[in-house]
Amino acid sequence: MKIKRALISVSDKTGLVEFARRLSALGVEIVSTGGTAKTLREAGVPVIYISDVTGFPEILGGRVKTLHPNVHGGILALRTEEHLNQLKEHQITPIDLVVVNLYPFRETIAKPGVTLADAIENIDIGGPTMVRAAAKNHACVGIVVNPQRYGQVLEALEKDGELTPSLRLELAREAFAHTAAYDTAIANYLNGVIGTEDFRPEFNLSLVKAQDLRYGENPHQKAAFYRDPSVTGPCIANAEQLHGKELSYNNILDANSALELVREFSDPCAVIIKHNNPCGAAMAESLVTAYKKAFAADPVSAFGGIVACNRTVDADTAGEMSRIFLEAVVAPDFTAEALEILKKKANLRLLRTGDLTGQTSDVLEVRKVNGGLLVQEADRVVANPDELKVVTERRPSAAELKEMMFAMTVVKHVKSNAIVLAKDGQVIGVGAGQMNRVGAARIAFEQAGDKARGAVLASDAFFPFRDTVDEAARAGVTAIIQPGGSIRDEESIQACNEHGIAMVFTGLRHFKH
């Protein structure tokens with residue numbers, strides 16, 4: 001299977017000229033189209049224009065140039081006597097190598113203000129057809145869609161003059177993945193344009209491997225991190241790592257949780273995540289104060305945690321962070337002085353997200369179960385303070401209402417059953433992931449200790465019994481915010497009235513399983 005003729009037509013011209021020049025030096029005849037042919041000709045690489053192969057000019061503004069039997073016959077022909085005789089009969093020259101990547105559809109739709117017409121015009125037709133034809137016939141034809149493969153292909157050709165069957169198969173797999181990702185991007189874009197159905201009969205994902213991970217949650221589990229190139233905006237997948245070891249599987253999970261919580265707040269805020277739950281969170285007039293308060297919430301759990309901030313990390317905050325062992329710090333940016341301080345810790349991972357104003361374009365949450373996916377809208381709803389329903393005799397004060405909203409925002413990000421205690425813009429107790437609600441509350445009260453006196457309590461779901469209210473009263477809680485909706489709501493309301501506790505209902509549950 002010697003490579004004698006190659007068809008090259010690429011939108012991504014990375015490494016193109018050198019690759020084609022070395023192919024030509026090996027005696028490979030190069031057929032090319034449009035801009036690719038122009039680039040190669042200008043570089044002095046001998047090229048046959050596609051119209052000289054088809055005997056037909058490019059028409060319809062370039063929409064039709066390779067859709068021709070002289071092209072696809074040359075690609076799809078098996079190297080059998082029967083097929084070769086048919087090629088000879090119709091004066092078709094076999095094509096042994098196809099080097100094609102597609103119109104930049106994703107790049108086009110990512111541009112601000114792109115129109116549907118612009119997007120449609122950047123849907124490649126001839127390219128995917130050639131790619132799929134060559135991949136189908138990979139036993140006879142090499143297919144290259146990735147410029148990073150050029151070196152490997154040249155090495156094989158310069159050594160043996162041909163591609164091994166195993167390399168052809170791997171290139172074909174990559175080619176089908178390339179066209180599948182391309183079609184997925186188009187389908188998902190059109191889904192967004194039409195926007196008439198929340199969850200369609202099919203759910204298409206096309207992700208790109210960002211990195212191999214040393215292992216998964218545990219050392220015996222293999223793992224990798226894939227990112228969705230269509231998602232725009234600040235997120236962990238798009239963050240820039242400035243320093244430290246490679247992120248681990250658990251680092252990525254925790255960093256994502258930290259970032260999604262801290263971006264909920266407009267005031268300077270810092271959160272500390274441990275095992276995918278917030279062990280500390282606080283707001284203040286300055287970031288350094290917010291960090292100190294977040295750390296003080298649970299200094300023991302903060303050790304080895306992941307910190308996220310919604311402001312640029314300055315030298316004062318970095319100095320405080322450097323006092324303990326942290327796995328990672330995620331922030332919109334870092335000052336030069338802060339980087340100098342934090343980079344003294346060789347393994348500390350520093351992730352820069354850019355401005356956190358607004359959400360990303362990713363509006364869905366996807367979770368894998370054995371044999372399928374669960375897909376839902378992301379929980380980005382926060383109760384409106386003006387729509388809270390006061391259900392007790394005592395109304396909460398303005399200060400208590402502010403604390404309630406802070407605590408309820410944090411409890412959204414705690415594994416259910418979840419209880420959060422807050423005071424002075426600081427989380428002081430967290431009960432996470434318990435099988436019963438009063439058990440979660442007791443954990444939060446134990447953590448808070450005497451700080452619970454005068455604090456507010458937030459619950460991610462309703463109280464099935466009055467026991468949580470009674471425990472809250474013993475701890476000194478003065479106000480409670482919860483969704484409401486239990487058949488025993490009246491018992492909890494009565495308990496609050498007995499203890500002089502103010503309670504409000506949001507009507508919004510925030511389970512996080």
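We're numbering straight along the sequence, starting at 1. Only a predicted model underlies this, so the values are computations on that prediction, with no experimental measurement involved.
Taken to the nearest 0.5 Å, the CD1 atom of Ile75 stands 13.0 Å off from the CZ atom of Arg132. Here CZ of Phe225 is found 12.5 Å from CG of Asp212. Values are rounded to the nearest 0.5 Å. Within the model, atoms CD1 of Ile109 and CD1 of Ile120 stand 10.5 Å from one another, a figure rounded to the nearest 0.5 Å. Asn277 CG to Ser257 OG: the interatomic distance, rounded to the nearest 0.5 Å, is 8.0 Å. Expressed to the nearest 0.5 Å, how far CG of Asn101 lies from NE2 of His178 amounts to 5.5 Å.
No option in Asn188, Leu373, Thr184 other than Leu373 meets the side chain to side chain contact (heavy atoms under 4.5 Å, CB included) test with Leu205. For the salt bridge (charged side-chain N to carboxylate O under 4.0 Å, His left out) with Glu29, the lone residue among Lys4, Lys2, Arg5 that qualifies is Arg5.
The ring-ring contact (aromatic ring centres under 6.0 Å, His included) test applied to Phe105 returns Tyr189, not counting sequence neighbours. In this structure, Glu82 has no side-chain hydrogen bond (donor to acceptor under 3.5 Å, both in side chains) partners at least two apart in sequence or on a different chain. Contacts of Phe176 classified as ring-ring contact (aromatic ring centres under 6.0 Å, His included), with partners at least two apart in sequence or in another chain: none. In this structure Phe406 satisfies the ring-ring contact (aromatic ring centres under 6.0 Å, His included) test together with Phe265, sequence neighbours excluded. With sequence neighbours excluded, no residue forms a ring-ring contact (aromatic ring centres under 6.0 Å, His included) with Phe334. Legend: residues meeting side-chain hydrogen bond (donor to acceptor under 3.5 Å, both in side chains) with Arg352, ordered by chain and number and at least two apart, are Glu240, Asp333. Shown here are the side chain to side chain contact (heavy atoms under 4.5 Å, CB included) partners of Asn347, two or more places apart in sequence or in another chain: Lys245. Residues passing the side chain to side chain contact (heavy atoms under 4.5 Å, CB included) test with Ala318, sequence neighbours excluded: Val313, Ala338, Ile341, Leu342. Remark: Ile324 engages Tyr291, Phe295, Ala302, Leu326 in a side chain to side chain contact (heavy atoms under 4.5 Å, CB included) (not counting sequence neighbours).
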Distance-only criterion, 3.5 Å: show the donor-acceptor pairs between side-chain atoms of residues 362-372 and protein atoms not counting sequence neighbours.
| unit_1 | atom_1 | unit_2 | atom_2 | d |
| --- | --- | --- | --- | --- |
| Glu365 | OE1 | Gln376 | NE2 | 2.8 |
| Arg367 | NH1 | His513 | O | 2.8 |

Which pairs of donor and acceptor atoms, one on a side chain in residues 86-95, lie under 3.5 Å apart (sequence neighbours left out)?
none

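No hydrogens or angles considered: nothing links the side chains of Arg263 and Asn310 as a donor-acceptor pair under 3.5 Å. Asp379 and His510 share a side-chain donor-acceptor pair at under 3.5 Å. Donor-acceptor pairing under 3.5 Å is recorded for the side chains of Asp355 and Thr357.
For residues 125-161, the pairs satisfying ring-ring contact (aromatic ring centres under 6.0 Å, His included) are Phe19-Tyr150, with sequence neighbours left out.
When side chains are defined from C-beta on, Val145 does not count as touching Val100, because their heavy atoms never get closer than 4.5 Å. At a threshold of 4.5 Å between non-hydrogen side-chain atoms, the residues Glu327 and Val307 do not count as touching. Using a 4.5 Å cut-off on side-chain heavy atoms (C-beta onward), Val141 and Asp96 make no contact.
Of all heavy-atom pairs spanning Val414 and Lys512, the tightest one is O-CB, 3.6 Å.
Look at Glu264 and Arg380 and you find no salt bridge, because none of the NZ, NE, NH1 or NH2 atoms lies under 4.0 Å from a carboxylate O.
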